[in-house]
K.L.:
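So that we are looking at the same thing, I have put the structure below in structure tokens.
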Amino acid sequence: MNANQPIGQRVAEVMSTMTLDQEDFLVEGHGTANEPPTSGGNPYVFWMPGITLSCGSIPALGEEDGPAGVADGLSGVTQLPAGVGLAATFDPSLASQYGQVIGSEEWGKGAAVNLGPTINIDRDPRWGRSFETFTEDPFLNASLATNEIDGVQSTGEMSQVKHFAAYNQETNRNTPADNVIIDQRTLNEIYFPAFQAAVQQSKAGSVMCSYAVVNGDFACQSPFLMNQTLDQEWGYPGFVTSDYGALHDTIGGALGGLDQEQPFNTYFGPTLNPPALEADVENGTIPRAVINTMVQRILTEMFRFNLFTSPPTGNPFSTVTSTANQAVGNDVAETSATLLKNASHALPLPAKNAGYVAVIGPAASTQPIYGGGGSAYVNPSQTVTPLAGILATAGSGSFIHYQPGLPTDASLAAIPSADLSPAFQPITSFNNFGQVYTGTLTAPESGTYVLAITNDCGCYTPEYLTLDGKQLISDPSTPPVHTYSVAVNLTQGEQYTLSVGGALISSLTWAKPSDLASSMAPAIAAAKLAKTAVVVVSDDTESEATDRLSLNLPSAQDELISAVAAVNPNTVVVVDAGAPIAMPWLDQVNSVLDAWYPGQSNGTALADVLFGKSDPSGHLPVTFPTGLSEVPASTTAQFPGMNNEVQYSEGIDVGYRWYDSQHLTPMFPFGFGLSYTRFAFSGLRVDRSTVDGVHDVHVSATVTNVGKSAGADVAQLYLGDPASTGEPPRQLVGFQRVKLGPGQSARVQFTITPRDASWWDDGAGGWTEQRGLYRVYVGDSSALANLPLRNAFEVTQTPGGRQVAVTSPSTMTPGKPARVTVTLTAGGDETLQNVRLALQLPDGWTARHGGQKVLPVVKPRRAVAVTFVVTPPSWAPSTNSVVHATADLGPDAQREAGTTVTVS
Ligand code: BGC
């Protein structure tokens, strides 16, 4: 094959030698390393074996999780901090380094496709995968996504960005009950932007469709999501793979735009008799062009990533972690540490002579946590506990004393039959899977108990514990934690109905109030004597396959913090969690440091921050609510849904947009984060007071470190659209991390584009812009109190809701010219100059006049159309191809659209 030929031509050449059977082999799943493979030995979670053709061969394609490093149980890899921690850095360059680590390690393991990053919007803090994704904000999301994907793909690795789209909960996932009812405006403004940026700016090779049902269609069978949005609107040339078992129908998937079923071959393979996809192609139910298109998209990306000539050479057993990669993880962990409270300057601890420091909490040593659960969990190559990090870093004159304060969940005692009747029997056989145990618990004492269950099946199926009908635990049996616990108050002599069921129940255990009192006593004694008490707590129950039932910490950690703070107000709480938690003890403690899920260098990064070697400069990528009644999706109809519908009725008011528009004060606002030093903002400059709808506005401001130590802040720019747009009061449209020595200043620069000032108009079927006053806010959190710099500019005229439409014959013949018309619809009140209408065509296609035309003047309210003569190449295979068009309305404003043409 000639490597100088266009990729499209090379793909066509390969396809010309393929049988239908071989094409089907490429688009079906072939088992998974996680379960017995259906054919051959599959080393990866998703897998496409190579094929020998008459004229050569197609290389195999390994697709492996995940978002925070190489996952799926492989070893010799670097466990990076969770995605939410990366997001807390607000640092695009760290996102790119993070991506490079993932890309190089996946490649080294022989998997050419990384299943990540996870870029679903964090709609609700209860979502089990909040830790794995980035943020509630679409702008921050897109910035991190593109930088991470660029990093991954710079190593030669392909990124499979996931999960498209509107996948925001685990409850009822992959069932018709997770039917997301959502409007176009909300999808386009909140849930789509990072995906659009991932495929258009970063050219992610692949996309994973999600478990969600979106307005009635399973995402992996949704023509709206795949054919229309990804392919036509965004001109996406790559391939879409189903999430694990997320395809439910052969015809729906094939005609909806899915390109590859994973990891099984239930609907695209020969499992059904007759083989469904092949049979449907043979009998004409599915046109041949459809399966050809799937194959073309997969091969196109494989050629683009040079996989035919330079496939990865490593294997799942290769050791790929390195000191340099671990250093990136450490850097992200340190930078992500978010200081939420620091009364009396409790932090940093003095590097020397810190005195007597009581380190308390199972999470500090006996039960540490490094990452969230599920397919994103990465096996660390080595770990440093918080206690080990503190011991290694504390200087002379510091005396570190450790007390766990609570028993570990795994060490709790079985509930004796004297207190629980009938006696609990473990359910360990898959024959009894799902069986429910119900007993009567008679409380022997009054006070706080810890109850725990262990679900050992490893099957991503939640096992539940309920007490008097109230569900208290949902334990999904994902790596790394199989025992989940909860604190509950019981009264001596009272009887409670306790039920456990759902999966395999290997143990039902507890700690009574007296047990807890005896494990807390030495910790309280230590805290009493200490100059500082550092309590490390964790939420180790965040995982794929289940949502959190509350924001409370598991076990009796809240009680432990309160007991410690009661004897020592100089208490510092370190939180290892991937999502917002409740902090009932907030007023009792001096400091709260959120370290997220810090990955394998947990203790090293933490100690550097605690002892002031590193400034905690993370900022919240998610709002911390005061309680669940305050969150945007607070009703059952919204989360987790009822009657087979999940109402996204909060619309675009997700995250801080909701709190701001409802005038609610959360516990900590989006964007918030303290530092060991202080910063001042001054000198706001907005470079123009009026602007039209096609030019940018430039904003700059000065950030000064007015404190005594070096530190970093994240300057943030929020834009407030005119109320008539229906947009929330403020939206993030720029951010910049600045590192400054004491007394130093830096100027931060932001650009507000017409797209930032646009909103999606369902009536116009696209983006629109509106005249009016746009307010500019600069500071270092989304709360008005932290946005000291304010100004405004006026948009005086706009192209309004002008959109692009493309019309073409529905069929074209290779080598034969055809006419394609691009129309810019009427709209707005701005006279546009030098509007460029341009076609973006599949590889090898030609268009007369280079497929573009500049219109010197386009009057408002007048539609314009240009017709191009377009010719598919003579070698074009029979596929469904997208003809995409853009209209550059001016230097900085664009509209786009596409249409699908069958080539035959
Ligand atoms: C998850 C995906 C993951 C896949 C393969 C699914 O359960 O939703 O994120 O990539 O499994 O492990």
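Because the structure is predicted, anything quoted here is derived from the model rather than measured. All ligand and atom numbering here is 1-based and tracks the order in the structure.
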K.L.:
Mark up the atoms of ligand 1 that fall under 4.0 Å of a heavy atom belonging to K162, in ascending order.
P.N.:
2 (C), 3 (C), 9 (O), 10 (O)
K.L.:
Output the list of atoms in ligand 1 that are nearer than 4.0 Å to some heavy atom of H163, sorted by atom number.
P.N.:
2 (C), 8 (O), 9 (O)
K.L.:
Counting each atom of ligand 1 from 1 as listed, which ones have a heavy atom of V45 under 4.0 Å away?
P.N.:
5 (C), 12 (O)
K.L.:
Does R173 come within less than 4.0 Å of ligand 1, judged by its heavy atoms?
P.N.:
yes
K.L.:
Under 4.0 angstrom from ligand 1, any heavy atom of Q160?
P.N.:
no
K.L.:
Flag Y167 as yes when one of its N or O atoms lies below 3.5 Å from any N or O atom of ligand 1, and as no otherwise.
P.N.:
no
K.L.:
Going from CD on Q79 to CD on Q600, what distance comes out if it is rounded to the nearest 0.5 angstrom?
P.N.:
6.0 Å
K.L.:
Using the benzene-type ring in the case of Trp, are the ring centres of W234 and F195 under 6.0 Å apart?
P.N.:
no
K.L.:
Minimum heavy-atom separation for C457 and F433, please, with both atom names.
P.N.:
SG-CE1, 4.2 Å
K.L.:
Without hydrogens or angle criteria, can the side chains of E132 and T118 be said to hold a donor-acceptor pair below 3.5 Å?
P.N.:
yes
K.L.:
Does any donor atom in the side chain of Q638 or E650 lie under 3.5 Å from an acceptor atom in the other side chain?
P.N.:
yes
K.L.:
With a cut-off of under 6.0 Å to the ring centre and 45° to the axis, is R123 in cation-pi contact with F639?
P.N.:
no
K.L.:
Taking the side chain as everything from C-beta on, heavy atoms only, tell me whether R129 gets closer than 4.5 Å to S543.
P.N.:
no
K.L.:
I'd like to check whether R129 has a polar contact with ligand 1, where a contact means an N/O of the residue lying under 3.5 Å from an N/O of the ligand.
P.N.:
yes
K.L.:
Does any N or O of ligand 1 fall below 3.5 Å from an N or O anywhere on Y244, backbone included?
P.N.:
no
K.L.:
Does ligand 1 have an atom under 4.0 Å from some heavy atom of Y211?
P.N.:
yes
